[in-house]
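Heads up: the structure comes next, in structure tokens.
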Amino acid sequence: MGRENMKQNEGGSSVEAASGLPDSSGLPVLPPAVAILEILLLIVAPALLDHLVPAFPSLNDGQPHFFWLPVLLLSMQYGPVSGLLAAGTAIIFSAFLGWPEQEIGENHFSYLLRIWLQPVLWLAAAIILGQFRLRQIERKEALRQEVLELRTQRQAIADHARNLRQRCELLERTLATRADPDARRLLTAMGRLQSTDAPLAAAAFHDAVRLGFGDCVVSLWVRDNDVLRLTDRQPEGAEARSGLADKGSMGAGEALHTAIVAQGRRLSVLVPGDERDLDGAGVAATPIMDLDGSVLGMLLLERASPAQLDATTTLRLGAVARMLVGRLRKT
């Protein structure tokens, strides 16, 4: 029973913390302020009136004793702690008002039994009736904790449903506004990549990049001896991903230069080793190789949406790079 109450109290604390409510789990040790106020009004005030006002009825002479009322009231309303406090206060003020005198022929045992019978009954009533009330308070607290937990769960489910709905709406808008690549336009653009007309080739490069990779940034690097130099970046005006790509040239000492020119490898951030060689310059890269195997340049995918990153990213990038071989061979 004690372990279950401890678990309920611990669970209630976490629930109230999650719901933003004040932590009131567990049973109070001290009596509430209203119980102390009632003790002052029902015990202390009548006792002082009995002591100070001669015309006031003597409380110790009444049967049953007047102090039974506050003891029973506080025990049944607030539990054993308040009941015991009321009983203790009643005993103190009963002694303060004076015990009845010992009758003639009454022995000491009978006299003590007579004057202490009611105080002992006050304490017993406070404990017994207070325990019944304490069980009710425990049950009420357990029900309150269950209500808080259900409220928190309901709020969590509502938040999850709302977030799920927002994600579904966002996905619907994304799918509705996504421009699916037109295969015919993509092939046309890739065919114009070999054009000797610079403006036409630049426009074709822009169209091929946009149709093949969506919203992205792709840069074209041409090999000049042992240096890769940036010649084009689409879309125009896009900023480089890192300082390495922003320099406009890559020497033989760069890891990316070595992987592309010396090793002729295709790189992707999805491969751990390739991510190290890319060094933050982009998410994928492929060499532009001539028919004899020599590297003419590099095509670098600097930025792209996560949906465009998969096992075919380097293959698609390589397809665009192959169409650029004729253009770079003539330069």
Side-chain angles (χ1 to χ4, degrees), residues 1-50 59-60 62-97 112-163:
M1 180 69 181
R3 292 182 179 179
E4 293 179 356
N5 290 336
M6 290 176 63
K7 291 180 179 179
Q8 289 178 354
N9 292 339
E10 293 175 357
S13 300
S14 61
V15 168
E16 290 183 355
S19 60
L21 297 175
D23 184 10
S24 59
S25 60
L27 298 177
V29 177
L30 299 177
V34 65
I36 298 177
L37 179 61
E38 291 181 6
I39 291 174
L40 294 176
L41 293 177
L42 297 178
I43 298 179
V44 178
L48 293 178
L49 290 175
D50 184 8
L59 299 180
N60 283 345
Q63 292 298 331
H65 201 287
F66 175 78
F67 287 159
W68 272 108
L69 174 63
V71 171
L72 294 177
L73 179 63
L74 272 78
S75 299
M76 298 180 66
Q77 189 171 4
Y78 303 112
V81 177
S82 300
L84 288 174
L85 181 60
T89 306
I91 293 172
I92 293 174
F93 278 92
S94 294
F96 173 73
L97 294 176
L112 292 176
L113 180 63
R114 179 167 61 86
I115 65 176
W116 280 105
L117 178 61
Q118 287 195 110
V120 171
L121 291 178
W122 290 342
L123 294 174
I127 294 174
I128 296 174
L129 297 179
Q131 285 299 322
F132 283 110
R133 178 56 180 165
L134 183 62
R135 290 185 180 181
Q136 294 178 348
I137 295 175
E138 288 178 346
R139 181 56 181 167
K140 181 180 179 181
E141 179 68 17
L143 291 175
R144 191 180 70 86
Q145 297 295 336
E146 292 179 3
V147 170
L148 288 175
E149 184 176 359
L150 291 175
R151 183 185 304 171
T152 303
Q153 292 176 356
R154 183 181 62 183
Q155 183 64 34
I157 293 174
D159 293 341
H160 178 72
R162 183 166 50 252
N163 293 335

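Judged as a side-chain hydrogen bond (donor to acceptor under 3.5 Å, both in side chains), and not counting sequence neighbours, the contacts of Q155 are D159. Residues forming a side chain to side chain contact (heavy atoms under 4.5 Å, CB included) with I157 (at least two apart in sequence, or on another chain): none. Applying the side chain to side chain contact (heavy atoms under 4.5 Å, CB included) test to L121 and every residue at least two apart in sequence or in another chain returns W68, L117. By the salt bridge (charged side-chain N to carboxylate O under 4.0 Å, His left out) test, R114 is found to be paired with E106, residues two or more places apart in sequence or in another chain being considered. For L49, the side chain to side chain contact (heavy atoms under 4.5 Å, CB included) test picks out V53, F56, with sequence neighbours left out. The ring pair (Phe, Tyr, Trp, His ring centres under 6.0 Å) check on F96 picks up H51, with sequence neighbours excluded. Shown here are the side-chain hydrogen bond (donor to acceptor under 3.5 Å, both in side chains) partners of Q153, two or more places apart in sequence or in another chain: E149.
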Side-chain donor-acceptor contacts of residues 75-92 below 3.5 Å, not counting sequence neighbours, with atom names and distances?
| residue | atom | partner | partner atom | Å |
| --- | --- | --- | --- | --- |
| S75 | OG | V71 | O | 2.7 |
| Y78 | OH | E38 | OE2 | 2.9 |
| T89 | OG1 | L85 | O | 2.7 |

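Going from atom CG of L129 over to atom CG of L134 covers 12.5 Å, rounded to the nearest 0.5 Å. Here the straight-line distance linking atom CD1 of I137 with atom CZ of R139 works out to 14.5 Å at 0.5 Å rounding. For the atom pair Q145 CD and L150 CG, the distance stands at 11.5 Å (nearest 0.5 Å). Within the model, atoms CD of E146 and CD of E141 stand 11.0 Å from one another, a figure rounded to the nearest 0.5 Å. Annotation: the span from L143 atom CG to L148 atom CG amounts to 11.0 Å, rounded to 0.5 Å. Atom-to-atom distance recorded for I43:CD1 and L59:CG is 10.5 Å, nearest 0.5 angstrom.
Residue pairs meeting the side chain to side chain donor-acceptor pair (under 3.5 Å) criterion with at least one partner in residues 119-137, sequence neighbours excluded, are R133-Q136.
The minimum heavy-atom distance linking L74 with A35 is given by the pair CD2-O, 3.5 Å.
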* Asked: Which is it for H65 and S94 under the side-chain contact (heavy atoms from CB on, under 4.5 Å) test, yes or no, and what are the steps along the way?
  -> CA-CA 10 Å; H65 201 287; S94 294; 3.9 Å; yes
